[in-house]
Amino acid sequence: MSNFNKWNAIVGHGGINAEAGIIAGVCVMREGEAKGHGVSLDSGSLESFLALTKNRPDGVGVRFGADHQAGAQDFTGTLKGFKIEGGVLRADLHLLKADLNFNKIVEMAAKMPNEFGLSASTEAEKDGKEFKNPIRFTEINCVDIVTNPATTTGLFFDQNHNKNQNMK
């Protein structure tokens, strides 16, 4: 694991502390269209998600496996310290050091953060059989690390920002 100390540097909005197993400032979701879901998110959407995190003293579990097909054995960490900044919901990803994918996720965050992101598995208010639009979250199941997130374009970036502009 010590070979990942070189990733203990600021990347985009967040920072990677491999020794502590924390990737700070990851983009959980942002205001705008949820690609492929036929709904949008506004400030009320982010606030409804944020409110639900207050009832999660251990944070919101994060899984690493097949996109939204992962099980309990695939939990790789938890999200804590949620905050809304300029239409973006961010949190700190606390990885489980015992997880078999720990080193891989740390290296992916450092070398290729635009190739994957986070996607929340949730329940939301419905109007009949359809979700209300904009969406209002009623329950958080977990958050998955996925290759094609609906509301972001990468681990640190949301769809409304120029990726190169955010790199430091």
Side-chain angles (χ1 to χ4, degrees), residues 7-18 20-64 67-68 76-95 105-127 131-168:
W7 307 129
N8 290 342
I10 298 298
V11 177
H13 286 288
I16 300 170
N17 183 330
I22 299 172
I23 303 172
V26 297
C27 183
V28 180
M29 61 181 64
R30 58 87 188 115
E31 294 177 15
E33 175 193 4
K35 296 180 294 190
H37 294 286
V39 294
S40 62
L41 286 78
D42 65 2
S43 62
S45 306
L46 302 185
E47 290 166 8
S48 69
F49 191 97
L50 180 64
L52 292 169
T53 68
K54 305 293 184 200
N55 299 326
R56 307 285 288 259
D58 297 329
V60 175
V62 176
R63 303 180 306 183
F64 184 72
D67 292 0
H68 293 304
T76 194
T78 187
L79 290 167
K80 297 179 180 182
F82 289 86
K83 60 187 171 189
I84 299 172
E85 299 177 333
V88 178
L89 178 66
R90 295 193 180 279
D92 297 332
L93 174 56
H94 295 253
L95 297 170
I105 294 169
V106 169
E107 189 169 7
M108 286 170 56
K111 290 185 173 180
M112 50 188 280
N114 301 317
E115 297 301 321
F116 69 104
L118 300 177
S119 181
S121 172
T122 62
E123 301 295 329
E125 293 179 358
K126 290 187 177 182
D127 186 9
F131 289 112
K132 288 188 177 179
N133 196 12
I135 203 152
R136 295 294 182 263
F137 298 103
T138 59
E139 186 178 334
I140 302 169
N141 300 318
C142 64
V143 174
D144 292 331
I145 296 174
V146 299
T147 55
N148 191 21
T151 67
T152 72
T153 57
L155 188 61
F156 299 110
F157 306 105
D158 63 84
Q159 292 178 348
N160 297 324
H161 289 83
N162 178 320
K163 294 177 189 178
N164 294 327
Q165 185 179 26
N166 288 324
M167 293 298 290
K168 298 190 189 259

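Treat the numbers as computed from the prediction; the structure is a model and nothing was measured. Just so you know, residue 1 is the first one in the sequence shown, and it goes up from there. Computation of the quantities below employed the complete heavy-atom set of this structure, encompassing side-chain atoms and omitting hydrogens, waters and symmetry-equivalent molecules.
- Taking the side chain as every heavy atom from C-beta outward, V60 and V28 never approach each other to under 4.5 Å.
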Pair S43-E31, side-chain contact (heavy atoms from CB on, under 4.5 Å): steps then yes or no: CA-CA 6 Å; S43 62; E31 294 177 15; 3.4 Å; yes

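- Closest of all the heavy-atom pairs between T152 and C27 is CG2-SG, 3.5 Å.
- Annotation: side chain of T53 is in contact with side chain of I140 (closest heavy-atom distance under 4.5 Å).
- Residues passing the salt bridge (charged side-chain N to carboxylate O under 4.0 Å, His left out) test with E123: none are found, sequence neighbours excluded.
- Judged by distance alone, the side chain of D144 and the main-chain N or O of V146 form no donor-acceptor pair under 3.5 Å.
- No donor-acceptor pair under 3.5 Å is formed between the side chain of S121 and the backbone N or O of V143.
- R30 contributes no side-chain N or O that, together with a main-chain N or O of L46, makes up a donor-acceptor pair within less than 3.5 Å.
- Annotation: salt bridge (charged side-chain N to carboxylate O under 4.0 Å, His left out) contacts of K132 (sequence neighbours excluded): E125.
- Annotation: the span from N133 atom CG to S40 atom OG amounts to 4.0 Å, rounded to 0.5 Å.
- Put simply, CG on N141 and OG1 on T122 are 7.0 Å apart, with the number rounded to the nearest 0.5 Å.
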Working note: K35 + N148, criterion side-chain contact (heavy atoms from CB on, under 4.5 Å); need CA distance, chi angles, decisive distance, verdict. CA-CA 9 Å; K35 296 180 294 190; N148 191 21; 3.8 Å; yes

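- For D92, the side-chain hydrogen bond (donor to acceptor under 3.5 Å, both in side chains) criterion is met by no residue, not counting sequence neighbours.
- For T138, the side-chain hydrogen bond (donor to acceptor under 3.5 Å, both in side chains) criterion is met by no residue, not counting sequence neighbours.
- Atom CG of L89 is separated from atom CG of L79 by 9.0 Å, given to the nearest 0.5 angstrom.
- Within the 3.5 Å criterion, the main-chain N or O of V62 finds no donor-acceptor partner in the side chain of T76.
- Put simply, CG on L50 and CZ on R90 are 14.0 Å apart, with the number rounded to the nearest 0.5 Å.
- Separation of atoms CD (E107) and CD1 (I16) is listed at 10.0 Å; rounding is to 0.5 Å.
- Applying the salt bridge (charged side-chain N to carboxylate O under 4.0 Å, His left out) test to K80 and every residue at least two apart in sequence or in another chain returns nothing.
- When all heavy atoms of G117 and P149 are compared, the pair lying nearest together is CA-CG, 3.9 Å.
- Residue F156 comes nearest to P113 through the heavy atom pair CD1-CB, 3.8 Å, listed as atom of the first residue, atom of the second, then distance.
- Proximity of S45 to I135: side-chain heavy atoms (C-beta onward) are separated by under 4.5 Å at one or more points.
- In this structure, L155 and A109 approach most closely via the heavy-atom pair CD2-CB, 3.7 Å.
- Inspection of the N114 and T153 side chains reveals no N or O donor paired with an N or O acceptor under 3.5 Å.
- Under the side-chain contact (heavy atoms from CB on, under 4.5 Å) criterion, S48 pairs with R136, F137, not counting sequence neighbours.
- With contacts defined as side-chain heavy-atom distances shorter than 4.5 Å, the pair F49/L41 does not qualify.
- Nearest heavy-atom pair across V106 and A18 is CG1-CB, 3.8 Å.
- Sorted by first then second residue, the salt bridge (Lys or Arg N to Asp or Glu O under 4.0 Å) pairs that include residues 46-61, not counting sequence neighbours, number zero.
- Applying the side-chain contact (heavy atoms from CB on, under 4.5 Å) test to E115 and every residue at least two apart in sequence or in another chain returns M112.
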Apply side-chain contact (heavy atoms from CB on, under 4.5 Å) to the pair I105 and I23, showing each step before the final yes or no. CA-CA 10 Å; I105 294 169; I23 303 172; 4.2 Å; yes

